[in-house]
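For reference, the structure discussed in these notes is given below.
Lettering of chains follows the sequences in order, A, B, ..., and the numbering in each one begins at 1.
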Amino acid sequence: MSSAETPVPQEPADALAAVAALRRLADQIEDAAVEQAMRGGWSWPQVAEALGVTRQAVHKKHAKRLIAAGVTLRRR
Amino acid sequence: MAAIDHYINTIIDQGAREAHTDGSATIEAHHLLLAIAAERETTTHQALASAGLDHRAIRDALNREFEHSLNAVGVSAAAFDLPRPSSAPDLPSQLGASAKLALERGFTSVDRKKDLRPAHLLLGILQAEVGTVPRALALAGVDQADLKARVLRTLTNAGE
């Protein structure tokens, strides 16, 4: 994207709200993408490495939800 | 349990359901606002309705705020076409920073706990000058200062 296409918020309030909204969007995309990957047979270490976080972190954040949703999880 | 304790619990429980619907791990101030709109408590309902707000209108305003804030940095939530993730099995139980602040502001607006009314909770949420709730209300064309004044008036009238 060129600088002409990228809007840069002039107001601190807009820039700060954008940060909050991006975090929320990132969480939503993470939930959807991790579920899609695990349903597709990815392992925890693969998902963790792709996200750039530890396996423990990704497991702690998503395992309970995916187990409850009936997703078959690969251990390794 | 005092009626006000029962009301606070109801709002936090309903706030947890609103957060769960959002896929949020914490209950935030805007979830408490949705919860207040979902409850049939007369004074808060009348105050919100006088500003044209009900549960649906607040939800729409919040969605608009989300898109608007993302658009400020050239992002659109609609651009991500991923299947909707499964919901968490449990409702969130933790209050986020914005909800804690709103409750604290509501509680400290009275000298004695026995003076606390449902409208004080709404007042606590409306005292925020920055963040998701003020931005959503502004986008919906709601005059927040006017709404706050109206809530305050209902409390003063009730105290007379």
Side chain, backbone, both or neither: which part of [X] has a non-hydrogen atom closer than 4.5 Å to chain A?
X	value
B:Glu67	neither
B:Phe66	both
B:Ser87	backbone
B:Val75	side chain

Examine the side chains of [X] and [Y] and answer whether a donor and an acceptor come within less than 3.5 Å of each other.
X	Y	value
B:Thr43	B:Arg117	no
B:Gln14	B:Arg17	yes
B:Gln46	B:Ser50	no

Taking side chain as everything from C-beta outward and backbone as N, CA, C, O, which of these in [X] sits under 4.5 Å from a heavy atom of chain B? Side chain, backbone, both or neither.
X	result
A:Arg23	neither
A:Ala20	neither
A:Gln28	both
A:Asp31	both

Of A:Gln56, A:Lys61, A:His62, which meets side chain to side chain contact (heavy atoms under 4.5 Å, CB included) against A:Val58?
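Single pass found, and it is A:His62.
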
Straight-line distance of B:Leu122 CG to B:Leu152 CG, nearest 0.5 Å
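CG of B:Leu152 is found 10.0 Å from CG of B:Leu122.
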
Atom pair CD1 (B:Ile8) and CG (B:Asp13), whose distance is rounded to the nearest 0.5 Å:
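B:Ile8 CD1 to B:Asp13 CG: 12.0 Å, rounded to 0.5 Å.
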
